[in-house]
Amino acid sequence: MTFALPALDWWAIAPMLVLVLTGCATLVAELVRGDDAGRAPLAWLTVAGASVSGGIALGQWDDPARLAFSDMVSSDRFTLFFTVLFLVVTCVTVLFAFEQLRREDFHPGEFYPLLAFSTIGMVLMAAAADLVITFIGVELLSICLYILVGFSRRRREPEESAIKYLLLGSFASAFLLYGIALVYGSTGTTSLACVGRALGAPGGLVGACEGAVATGSVATGMLLAGIGLLVVGLGFKAALVPFHSWAPDVYEGAPTAITAFMSVGVKAAAFAALLRVFLVAFPTLAPDWSVLLAVVATVTMVTGNTVALFQRNIKRMLGYSSIAHAGYLLVAIVAASHAGAASLLFYAVGYAAMNLGAFAIVVVLGRAGEERVAISDYAGLSQRQPLLAALMATFMFALAGVPPTVGFVGKFYVFSAAVDAGYVWLALAGLASSVASAYYYLRVVYQMYMVDPKEVVASHSPHRWVSLVATVAGFAVIALGVFPGGIIGVATASTSFVR
Amino acid sequence: MPGFPEVVPTEAYLGLSAVLFGIGALGVVLRKSALTMFMSIELMLNAVNLSLVAFGRQFGRLDGQVIVFFVMAVAAAEVAVGLAIIVDIYRSRRSVDIDDASWLRG
């Protein structure tokens with residue numbers, strides 16, 4: 001009796017394989033060069049690995065969309081789009097961390113492998129063609145983040161953040177897993193496309209679907225319970241209200257680099273997974289879940305924007321602001337249309353540019369042993385560092401959704417997709433809450449331009465790389481706002497599986 | 001034995017699993033020790049494992065049990081990291097009670 005190895009489509013997961021190798025290489029290199037001088041090569045090795053991985057992903061753009069590894073992962077433009085976005089976020093995080101950890105004189109080499117592995121988790125979440133892979137992606141990402149959140153020389157706050165994220169994160173994972181079990185129990189399969197077919201969705205990339213129940217014979221009650229639990233599990237990672245209580249504390253306590261990584265990368269990964277699950281597996285149930293998600297989106301936007309009004313710490317303010325932006329992104333899923341999915345991808349890119357830019361300024365203004373994250377620390381910044389102040393103002397205007405920035409165009413696409421899907425009230429609620437959000441974003445601008453500086457600040461290290469990130473992000477925020485066509489075209493091509 | 005079914009029906013396993021999951025969830029919400037909360041989360045994961053195996057048996061297929069292997073591996077990794085964090089907290093403040101600090105302020 002002979003066993004034939006199944007044909008493995010290694011090329012389909014090549015970007016992830018490169019990241020695995022990068023993570024292992026940095027882990028070994030850290031052991032070999034244990035001293036502090038050996039840290040810089042680790043950062044560059046991670047950036048190099050991420051660049052190779054991103055290059056492969058770009059090279060796969062014209063490959064035919066297909067399922068690989070027994071229909072477990074899908075290699076299509078949606079996966080590649082998010083892969084490239086995650087890799088950019090990871091590279092930026094490495095640059096932030098490199099400057100910040102060196103300044104704090106606390107620079108353990110484990111940081112870089114953990115970051116690489118959590119990036120693989122994010123890519124898996126976007127690539128998942130099976131609920132089991134979604135779960136493994138979420139867990140790989142989360143387990144690495146539990147450690148990264150507590151990564152600091154200071155003990156108390158990061159420790160609190162880590163234990164809080166750990167306990168609430170694993171609690172949410174259990175709900176996600178129960179949801180997966182109930183979906184499996186009611187349809188006989190965990191493959192997203194096969195669940196979709198059992199529910200009567202039109203084809204697309206479907207695998208063998210052995211064991212799936214016949215179309216129309218699904219246990220509906222159990223399935224709806226499962227969908228609800230999936231919303232809880234993924235909503236926690238995306239920081240949707242009412243599953244957001246961890247986010248502000250964790251964002252405040254974590255190192256700023258990790259806060260940026262979580263508020264952009266992890267959020268985008270959670271929405272990639274939500275979009276895959278809901279629009280591949282459950283499109284035919286859209287009338288059932290879209291009302292639920294519309295209510296969650298409204299509560300998320302209103303809560304995030306309202307509580308952000310009262311924050312004095314800029315990391316905490318950006319944390320609540322990211323909750324509000326999760327609400328905007330959820331509006332795109334509620335639309336349950338091709339235009340909605342494309343607008344989600346566009347908004348994810350625009351949000352990455354404006355939020356990473358804002359965090360870059362936060363990193364630059366920090367000093368050794370002192371993060372300087374009170375909003376009043378920004379008083380008079382325009383007199384001391386006019387370029388930084390102008391960039392920060394750009395990001396604040398973009399986050400508030402003022403034209404001609406990407407924030408305005410992104411919100412326009414998202415809300416018009418909601419209107420096309422018949423959710424006029426949802427679009428109006430989003431508009432109203434984003435108008436209110438202008439108050440707290442512009443308060444930072446007011447501090448920078450209208451208030452005199454409290455003290456004369458000694459000049460500090462220039463942070464070349466982080467300043468470069470801020471400049472590029474500022475350019476991208478304006479350029480994407482004026483010429484959104486290119487990214488919209490790519491986003492539309494990446495979501496062709498949505499009908 | 002008259003009155004008892006030959007084979008335990010899937011619903012019985014699902015009911016037990018739901019009860020165990022509920023006990024675990026209550027444990028996370030009500031208990032104050034980080035260790036007990038963590039054990040309650042493990043109980044929740046294992047309750048789901050019971051459901052998965054029961055479904056696998058109902059469908060006469062192995063994939064439910066294969067998923068359980070994945071869950072066990074993931075849970076082991078989570079325990080390793082979680083206990084490390086809890087030990088670290090214990091070292092710095094000699095307690096793992098979440099009431100000892102304003103930890104879970106909203």
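Note on naming: letters A, B, ... go to the chains in the order of the sequence lines (proteins, then strands), and numbering restarts at 1 for each one.
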**Prompt:** Measuring heavy-atom distances to chain A, does B/Ala47 have an atom under 4.5 Å in its side chain, in its backbone, in both, or in neither?
**Reply:** neither

**Asked** Hey, what do you get for CZ (A/Phe135) to CZ (B/Phe70), rounding to the nearest 0.5 Å?
**Response** 11.0 Å

**Message:** Which heavy atom of B/Ile41 sits nearest to which heavy atom of A/Phe171, and what is that distance?
**Reply:** CD1-N, 3.9 Å

**Fill in**
Here the gap from B/Ile67 atom CD1 to A/Tyr184 atom OH, rounded to the nearest 0.5 Å, amounts to 6.0 Å

**Message:** Please find the pair of heavy atoms, one from A/Leu166 and one from B/Gly82, that lie closest to each other, and give the distance.
**Reply:** CD2-CA, 3.5 Å

**Prompt:** What part of B/Ser17 gets closer than 4.5 Å to chain A, counting heavy atoms only: side chain, backbone, both or neither?
**Reply:** both

**Asked** Could you give the distance from OG (A/Ser170) to CG (B/Leu45), rounded to the nearest 0.5 Å?
**Response** 8.0 Å

**Prompt:** More than 12 heavy atoms of other residues, nucleotides or ligands under 6.0 Å from CZ of B/Arg31: is that the case?
**Reply:** no

**Complete:** Under 4.5 Å to a heavy atom of chain B? For A/Thr190 that would be side chain

**Asked** Of the non-hydrogen atoms in A/Ala174 and B/Val48, which two are nearest, and what is the gap between them?
**Response** O-CG2, 4.1 Å

**Fill in**
Distance col, row B/Ile89:CD1 vs A/Glu160:CD, nearest 0.5 angstrom, shows 7.5 Å

**Prompt:** Taking atom CG of B/Asn49 and atom OH of A/Tyr178, what is their separation to the nearest 0.5 Å?
**Reply:** 12.0 Å

**Message:** Counting C-beta onward and ignoring hydrogens, is there a side-chain heavy-atom pair between A/Ile147 and B/Val81 closer than 4.5 Å?
**Reply:** yes

**Prompt:** Rounded to the nearest 0.5 Å, what separation is found between the CD1 atom of A/Ile163 and the CE atom of B/Met37?
**Reply:** 8.5 Å

**Message:** Using side-chain heavy atoms (C-beta onward) and a distance below 4.5 Å, is B/Glu78 in contact with A/Tyr146?
**Reply:** yes

**Fill in**
Under 4.5 Å to a heavy atom of chain A? For B/Phe59 that would be side chain

**Request:** Check each atom of B/Ala18 against the heavy atoms of chain A and say whether the ones under 4.5 Å are side chain, backbone, both or neither.
**Result:** both

**Asked** What pair of heavy atoms forms the shortest contact from A/Gly188 to B/Asp63, and how long is it?
**Response** O-OD2, 4.5 Å

